[in-house]
Structure formats: structure tokens, C-alpha cells
Amino acid sequence: MEKIKSLRGFRDIYGDEVIRFRLIEDISRRYLELFGYKEIIIPVLENTGLFVRTIGDATDIVEKEMFTFTDTGGDSVTLRPEATAGMVRAYLETGMFAKERISKLFSIGPMFRHERPQKGRYREFRQVDVEVFGIEAPIIDAELIWMIYLILKSIGLAEYTIETNSVGCPECREGFKRLIVGYFEDKKQDLCEDCRRRLQKNPLRIFDCKSPGCKEISGSSPLLFDNLCDPCRVHFDGFLSHTEELNIPITVNKRLVRGLDYYTRTVFEVTSGGLGSQNAFLAGGRYDNLVQSMGGPPVPGIGFAIGVDRLSLLISTSVKKDGSTVFLAYLGDRAKGFIVPMMRLFTENNVKFFYLPDAKSLKSQMRYADSVGADTVLIIGDDEIDKGILIVRDMAHSSQTTLPLDLTNLIDNLKGLSKK
RNA sequence: GUGGGUGUAGCUCAACGGUUAGAGCAUCAGGCUGUGGACCUGGGGGCUGAGGGUUCGAAACCCUUCACCCACCCCA
């Protein structure tokens with residue numbers, strides 16, 4: 001029979017990695033709540049049109065990376081490749097926009113992109129997604145960076161770089177597009193095939209091209225950053241001065257471009273070495289026109305997402321033992337009868353309880369107790385039952401004593417022992 | 001979609017074209033008839049990714065295919 005394996009790019013998260021995932025998500029939650037964010041759980045599957053419209057039909061994500069299929073009802077549906085589109089949809093659909101002036105939301109869950117997997121890149125990956133609706137002032141941009149700084153610090157990540165840029169608003173972008181289309185048009189024959197296409201559909205993306213020829217050409221081109229309109233310039237300067245006040249080291253990268261079309265003004269990306277070429281583990285930016293473009297009121301927005309899988313590659317696990325573990329070692333059929341009562345007793349009292357079903361020798365039970373990290377082993381055999389006692393072994397100190405075989409007071413008696 | 005690398009025990013890896021494919025770790029048992037970690041002894045565990053070919057003989061060489069990894073592209 002052929003073995004059934006997980007799909008390409010889909011994987012099982014287990015062992016230490018689960019601990020790291022949980023650490024990232026727990027710490028994120030803690031700070032998000034501190035900053036007033038509310039968790040929202042949104043669907044993994046949405047109408048395909050939602051992503052095409054918001055992310056942009058000329059982006060790689062939409063052109064070739066979406067898990068799109070037709071459901072049995074004949075509708076085209078897509079596994080979300082990112083969270084913002086769904087968050088905006090939910091923000092509008094639930095009527096939050098009308099109920100509150102500012103909405104600070106977060107959501108944690110899997111995203112799906114049909115890409116060739118490699119280090120830090122999977123077809124199913126987890127994100128902590130954060131969105132703020134209703135604040136135009138650049139102080140919120142800085143507040144997000146501050147929160148990110150605190151989260152990463154708390155996780156224990158030391159080496160990373162925060163890069164930022166402003167991609168302007170539609171007005172300054174239109175002007176700039178005309179400027180660079182003219183610039184690139186002259187050098188069109190030296191551009192790669194992709195970039196010639198981008199020149200028509202999305203000229204700003206040429207700056208992100210890694211082919212040497214295009215890099216050289218775009219390297220000496222005018223930059224959007226230097227051609228922002230006044231309001232966008234003032235906004236970005238405000239953002240920078242707030243990050244200075246907060247004393248967060250942040251690098252302006254005038255060439256930083258996001259892969260989704262909806263971004264405006266502030267964009268940022270947090271990268272780290274040690275991730276191979278997928279070095280961005282957190283990214284985001286402002287999207288002041290997205291809500292309106294989806295049929296909502298003109299509410300500005302800003303958000304970011306943490307790539308949990310990637311961040312987990314950067315942190316080391318610190319497994320901490322929580323609570324004590326009691327293990328029951330039994331010998332003989334009479335002793336076996338204590339398994340069920342003890343399981344009830346300990347679990348009812350929130351004590352971790354282990355035993356080895358189908359156990360044979362005491363030795364094998366002791367080995368197993370050690371392997372599961374038991375700190376107390378209770379030993380019961382015929383001798384003990386006859387004497388009305390049980391043996392209590394302290395695994396860390398290799399010492400043992402006896403207690404009465406009295407289940408009603410056993411928990412208290414054990415507590416008394418550990419206090420000594 | 002393109003390029004490179006790797007597929008052998010549960011895991012990490014050995015084995016010049018030549019007996020019955022090995023080792024460490026893990027696992028189980030024994031040493032210790034009722035006591036864990038360390039140590040010693042032993043056991044189980046493999047269609048050498050799959051299919052074809054070359055050869056007296058293939059884990060190895062050739063072809064095909066599949067899978068995984070890394071990189072490009074793009075992105076979290």
C-alpha cells in the first residue's frame with residue numbers, strides 16, 4: 001500500500017517547534033492586549049474576488065500563488081494568502097466601522113500560498129496579523145513599531161533590522177509613475193522580461209527586481225521617496241520623529257517595496273540573518289484607501305503580520321517544566337486496581353499523573369517514569385498493600401519514604417512531604 | 001516555473017561494482033527474581049524512494065519517475 005504523506009509545503013508542527021510557536025503567539029497576544037487590540041477569528045476560505053481586488057491582479061500572489069478552486073456550488077473560492085483582505089471584509093461586514101471610531105484588531109491563523117517550498121517558506125504558514133482602522137496620524141505607525149520592538153524583545157530575539165520606507169499616496173505615485181515610466185522607457189531593451197511587463201502593469205515593482213541588469217538600471221533611477229507629495233512627506237517625517245523619540249533603531253530603505261498593491265505611505269519590514277534568503281519574518285504598512293476601495297467609508301488603516309514559522313527559526317526553545325508529575329508504578333493485579341482511583345484523584349486535583357499500561361517489570365516502569373520527567377513515583381505492590389502503605393520515591397534526590405495507603409489524604413500527605 | 005543537491009533502520013549517517021547492507025542514537029529485554037539516569041550484554045527493526053536497464057554480480061553505474069532540501073523568482 002502506498003504511504004499517504006502530507007502535501008508539498010504542508011507540514012506537521014510538533015515537539016519543540018510547537019513550544020516556540022506557542023511562545024511567539026502567547027507573547028504577541030499579551031502585548032496586543034496591552035495595546036488595546038481585540039482578537040477576531042475570521043474564515044480561512046473567502047471569495048476569490050476579495051483577494052484579486054485588494055491584493056492586486058498584477059501581483060505574484062494573485063497571478064500564481066493562490067490556492068483557488070471552484071466549490072461544489074460553482075463559486076470560485078480561495079484559501080487566504082494573507083489576512084488583511086479578510087480583516088477589512090470582516091471590519092465592514094460586522095459593522096465595526098460604524099460602531100467605533102478606532103478598531104484595533106488581531107487574528108492568528110494559517111495562510112496559504114502555492115509556492116515552491118524552501119527554508120522558512122511553506123505553502124501553509126502561520127501569521128499573527130494586526131490591523132488598526134481609523135487612525136491617520138503617524139503616531140500609530142510609530143506605536144506599532146514600538147509594540148513590535150517590545151514583542152521581539154520579550155521573545156528574546158536580539159539580531160534584527162527594521163527597515164522602512166514611504167510608498168506615498170495615489171497622487172504622488174501617479175506623478176512618480178509618469179516620471180519613471182519615462183526613465184525606464186529609454187532603457188527598455190536592457191530590462192528583463194518580467195520588468196518590461198511590470199513597466200506596463202506595475203512599474204514600481206521594477207525596483208524590487210533582483211536581476212543584475214534591472215538592478216543597475218533602477219539603481220540610478222529617480223526614487224519615489226524623493227518625490228513624495230507634501231502631505232506624504234510630512235506624514236513620514238512625523239513617523240520617523242516618533243520612532244526617534246522612542247529610541248528605536250530603524251533604517252530607511254528608499255527602495256523597500258511591498259508585494260501587495262494596497263499599501264500607501266509607511267511600509268516596513270523586519271529582517272534577520274539566519275533565515276537564508278527568506279529573511280523577512282515580519283512586514284506591514286499603511287493602507288489608507290483599502291477600506292474605501294472595498295465599498296466602506298474612507299477609513300485609513302495600518303497593519304502588519306508576523307511570520308510565525310520564520311520567527312520560530314530564529315529563537316531557541318527554553319522548555320520550562322510546569323507543575324509536578326506523579327507516576328504510579330504498580331506490581332501485581334491487586335496493585336493494578338489502584339490505577340483508576342489514582343488517576344481520578346490526581347487529575348481532579350490538577351496534578352499531572354502518569355502510569356505505564358501493560359507494564360511488566362518495575363524496572364521498565366521506572367525507566368518510563370524517568371523518560372516522562374516524573375518527579376514523584378508512587379510504588380505499590382503486594383507487600384505494600386498488605387502493610388497498608390505505599391512507597392514515595394523522590395526522583396531528583398533518589399530518596400524514598402512511605403506513606404499510608406490512604407487515598408483520601410494522599411494529596412495532602414504528598415504536599416506535606418514536599419514541604420520538608 | 002528555472003537551477004543545484006540528496007534519497008539506505010524510527011532519527012543521524014557508513015558501506016572500492018564483490019559474502020548474509022553496518023554503526024551511533026532511539027526502542028525493548030536482561031545484567032539487578034521489586035527501583036530510573038551511567039555502564040555492560042543481547043533482541044527486534046531494511047523490498048537501500050519507485051520502475052526499468054547495464055553486469056556473472058548493483059545501495060553504488062545509466063535512463064525514467066517521485067519525494068525532500070537548498071537557491072532563483074516572490075514573499076511572512
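These numbers come from a predicted model, not from an experiment. Proteins come first, then strands; the chains are lettered A, B, ... in the order of their sequence lines, and each starts at number 1. Side-chain atoms are counted along with the backbone in the values below, which use heavy atoms only and exclude waters and symmetry mates.
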Rounded to whole angstrom, note down the P distance from A15(B) over to G49(B).
-> 15 Å
Can you check the Phe21(A) CZ to A76(B) P distance for me, whole Å?
-> 17 Å
Sugar-phosphate, base or nothing in reach of Phe327(A), heavy atoms under 4.0 Å = nothing
Find the distance Glu131(A):CD to A76(B):P and express it as a whole number of Å.
-> 12 Å
NZ/NE/NH1/NH2 to OD/OE distance under 4.0 Å, Lys64(A) and Asp60(A) = yes
Separation of Lys119(A) atom NZ from C75(B) atom C1', in whole Å?
-> 16 Å
Separation between the C1' atoms of G43(B) and C47(B), rounded to whole Å = 23 Å
In plain terms, say whether Glu136(A) and Arg286(A) are close enough for a salt bridge, that is, a side-chain N and a carboxylate O under 4.0 Å apart.
-> no
Side-chain-base donor-acceptor pair under 3.5 Å for Arg121(A) and C70(B) = no
According to the interplanar angle, ranging from 0 to 90°, do the rings of Phe353(A) and Tyr355(A) count as parallel (below 30°), tilted (30 to 60°) or perpendicular (above 60°)?
-> tilted
Separation between the C1' atoms of U48(B) and A14(B), rounded to whole Å = 12 Å
Do Arg121(A) and Glu115(A) meet the salt-bridge criterion of a basic N to acidic O distance under 4.0 Å?
-> yes
In terms of side-chain geometry, is the basic nitrogen of Arg255(A) or Glu163(A) positioned less than 4.0 Å from the acidic oxygen of its partner?
-> no
Return no unless some side-chain N or O of Gln118(A) is found under 4.0 Å from OP1 or OP2 of A71(B).
-> yes
Are Glu143(A) and Lys104(A) close enough for a salt bridge, meaning some N to O gap below 4.0 Å?
-> yes
Quick one: do Asp309(A) and Arg11(A) make a salt bridge, cutoff under 4.0 Å?
-> yes
CG of Leu313(A) versus C1' of C69(B): gap in Å, rounded?
-> 14 Å
Could you tell me the separation between the CG atom of Leu282(A) and the P atom of C75(B), rounded to a whole number of Å?
-> 16 Å
G17(B) and U55(B): how far apart are their C1' atoms, nearest whole angstrom?
-> 9 Å
On RNA chain B, check which nucleotide each of Arg113(A) and Leu7(A) is closest to and give me the residue with the more 5' one.
-> Leu7(A)
Round to a whole Å and report the spacing from NZ of Lys64(A) to P of C74(B).
-> 8 Å
Does Thr48(A) use its side chain to pair, donor to acceptor, with the backbone of Val77(A) at less than 3.5 Å?
-> yes
Where the side chain of Arg116(A) is defined as all heavy atoms beyond and including C-beta, which of C70(B), U2(B), A76(B) is the nearest nucleotide?
-> U2(B)
Starting at the 5' end of nucleotides 33-44 of chain B, put B wherever the base has a protein heavy atom under 4.0 Å, S where only the sugar-phosphate does, and a dash everywhere else.
-> -BBBB-------
Rounded to the Å, how far apart are Glu82(A) CD and A76(B) C1'?
-> 11 Å
Stems involving RNA chain B, each a run of at least 3 consecutive Watson-Crick or G-U pairs under 3.5 Å | B:1-7 with B:66-72, B:10-13 with B:22-25, B:27-31 with B:39-43, B:49-53 with B:61-65
Spacing between Leu356(A) atom CG and U27(B) atom P, to the nearest angstrom | 13 Å
Mark this stacking check for Phe125(A) against A76(B) as yes or no, applying ring centres under 5.5 Å and ring planes under 30°.
-> yes
Which is true for Ala369(A) with a 4.0 Å heavy-atom rule: it touches a base, it touches only sugar-phosphate, or it touches nothing?
-> nothing
Could you give the distance from CD1 (Ile145(A)) to CD1 (Ile148(A)), rounded to the nearest 0.5 Å?
-> 4.5 Å
Heavy-atom donor-acceptor pair, Asn349(A) side chain to Val351(A) backbone, under 3.5 Å | no
Using the C1' atoms only, state how far A59(B) lies from A9(B), rounded to an integer number of Å.
-> 14 Å
Pick the C1' atom in A71(B) and in C11(B), then give their distance to the nearest Å.
-> 26 Å
Pairwise C1' distance for C69(B) and C16(B), with rounding to whole Å = 28 Å
Does Glu384(A) use its side chain to pair, donor to acceptor, with the backbone of Gly381(A) at less than 3.5 Å?
-> yes
Expressed in whole Å, how much space separates the C1' atoms belonging to U2(B) and A60(B)?
-> 29 Å
Base, sugar-phosphate alone, or nothing: which one does Gln365(A) contact when heavy atoms must sit under 4.0 Å apart?
-> nothing
